[in-house]
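Along the sequence shown, residues carry numbers from 1. Both ligands and their constituent atoms are indexed starting at 1 by order of listing.
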Amino acid sequence: MKKILDCIAEEMRAAFAACGYDASYGKVTLSNRPDLCEYQCNGAMAAAKAYHKKPIDIAADVVNYLKGKGACQTDAAVCAEDGPAECEAMFSDISAVMPGFINLKLSGEYLAGYLNRMKAADKLGAENVGQNKTVIVDYGGANVAKPLHVGHLRTAIIGECIKRLGNFLGYHMIGDVHLGDWGLQMGLIIEELRDRQPNLPYFDENYKGEYPKEAPFTISELEEIYPAASARSKEDEAFRARAQEATFKLQNGYEPFRAIWRHIMNVSLADLKKNYGSLEVTFDLWKGESDAQPYIPWLIQDLQDKGLAYESEGALVVDIAQEGDPKELPPCIIRKSDGAALYATSDLGTIIEREKDYQPTQYIYITDKRQELHFIQVFRVAKKAGYVKPETKMIHMMCGTMNGKDGKPFKTREGGVMRLEKLVKEIDDAVYDRIMENRTMDQAEAEETSRIIGLAALKYGDLSNQVSKDYVFDIDRFTSFEGNTGPYVLYTIVRIKSILAKYEEGRKAGEGADGAVSAPGGAYGKMVPEQSGGSGTGITPASVGILPADSAEAKNLMLKLSAYNEVVETAFAETAPHKICQFIYELSDAFGSFYNTTMILKEEDETKKAGYIQLITLTREVLETCIHLLGFEAPERM
Ligand code: ARG
């Protein structure tokens, strides 16, 4: 469905053209003076220079033209009573004001018509802008055998949202967890294991039999082994050297270590899936750095053959500096002097694999912002070497840090790294306490509800911030039912659900009384009740449709709703989930004002009441669609 701003701009462009000015001046924006108008067009100001006229004269030309044409209902009614919705006069007010602004207000009929079309449209009018486009989203980044911690929280939450958004807009989104499964942590675990259980067959060089199917450790043992080994390697140089050697052997295919590696992978993956699952974050691919390894020898050779990679101090590097760089960027190291491949090499190998398997039109990587240089280097090498087409978009979404209230990266009270499970539990508990404060709910429902609201609090708390900004993780604020929070939006949805349920109950009771049947959903404004009388009049929200606003609050709610498809598209195009949060926060506020000033269920005029119900049903649908895109759902009650 065409965006409302585009509909208005189209009208304005045609008007400029009809008055003899270039159509391009007919640009329209949301008004920055909502007290004066809803939309504004500043084209007359720009046109003044080109046409050597006063801006106000141009504005007046355009306004007079629109009025004469009947685009403004205050001056003319162009549409026949039964004409199609599209021919409603678009504006209820157009004026040219000094020095040359054109102020616009949408007519109630036009706006209601737009919302009714939106209500009937697939996906509420969001278009399939992504058709035939494949996007790889790389947003897990967890490191195998290391517990998932809050550092991985942002990328998971943001990535899940970007993936859902893209899929919703018709893109073929492929989410890859891209595990860190190939680094030194593997060698550390292997050597620590050797010291603890020297009799395992993996450490017997003469062992010829099959290796055990069962891993020699559980996930909790593994989670203890890695930090122990990591701490040890910082003090014990010989141990560190052994771990490096083991990593090297593993990476070169030494079978006993590959067998241990497979155990580590199996045990960790089960745990990672559980953890991501509790965040309702899923991936299409569970690949990792190890999957890139088969491509690396070819890659290194190819970069040399193309004359891009050269030796520098024993290492193999590719220059990536470009004219116009604000500062000098160091070359990308492809191979260290000791022969080891690096993080960048593995990302380039992964790109070669992804191009072979998926030919994506776009890549989106989501990581901590400290990886900025890494991705500049990887993207430039990939393009320079022609692994990725020049037109393929490569985006690095750089996440700011989640800080504690002290402004430093978030830690546990003891100063350690907070485990994700623990964090999720703390939020759920906080919500549970809030729910129980002044409500009665049985324990099982309260716990399930806390889980749902807790997830919303956590995800919204994160997504409502601009991705690149640091933010303070504040459980009290995130779980509050008021303000710009997830629970506030959920509360709005729950409130609408409850009104709708009451309306349904009332209608059923009414129908029972006189047996009236609901009229099938008809066109907006053509409300002709099949039967009337009592409250079972046959008047249904669907047959009445959304009616022109009868209050400033209703108009404001309707204007907010009409921005939905624009917001969803922009949030994806600009990889900016916070725009959806801002939108649903404002929408929830707009609903709140409408609700406070409108007697919805007590309205005596059944037609009017049905119109309100249709309006809040659309509000609910928009809110529910948006929170689903953000990655959470609403409970039945709260
Ligand atoms: N494992 C990495 C880390 O924890 C993140 C991986 C991000 N994805 C990528 N393709 N480099 O820092």
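- Classification of the F583-Y564 ring pair by plane angle, with boundaries at 30° and 60°, yields tilted.
- Ring geometry for Y491 against F481 counts as tilted: the plane angle lies between 30° and 60°, on a 0 to 90° scale.
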Is there any protein N/O under 3.5 Å from an N/O of ligand 1, and what does the full list of such pairs look like?
residue, atom, partner, partner atom, Å
ligand 1, 1 (N), G141, O, 2.8
ligand 1, 1 (N), N143, OD1, 2.9
ligand 1, 4 (O), G141, O, 3.1
ligand 1, 4 (O), N143, ND2, 3.1
ligand 1, 4 (O), H152, NE2, 3.4
ligand 1, 8 (N), D138, OD1, 3.0
ligand 1, 10 (N), D138, OD2, 2.8
ligand 1, 10 (N), D347, OD1, 2.8
ligand 1, 11 (N), Y343, OH, 2.7
ligand 1, 11 (N), D347, OD1, 3.4
ligand 1, 11 (N), D347, OD2, 2.8
ligand 1, 12 (O), Q371, NE2, 2.9

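- Annotation: F478 is in aromatic contact with F473 [ring centroid separation under 6.0 Å].
- Aromatic ring centres of Y202 and Y207 lie farther apart than the 6.0 Å criterion allows.
- The only option from H396, Q371, M398, M397 that meets the side chain to side chain contact (heavy atoms under 4.5 Å, CB included) definition with Y365 turns out to be H396.
- Here F168 and F572 keep their ring centres 6.0 angstrom or further from each other.
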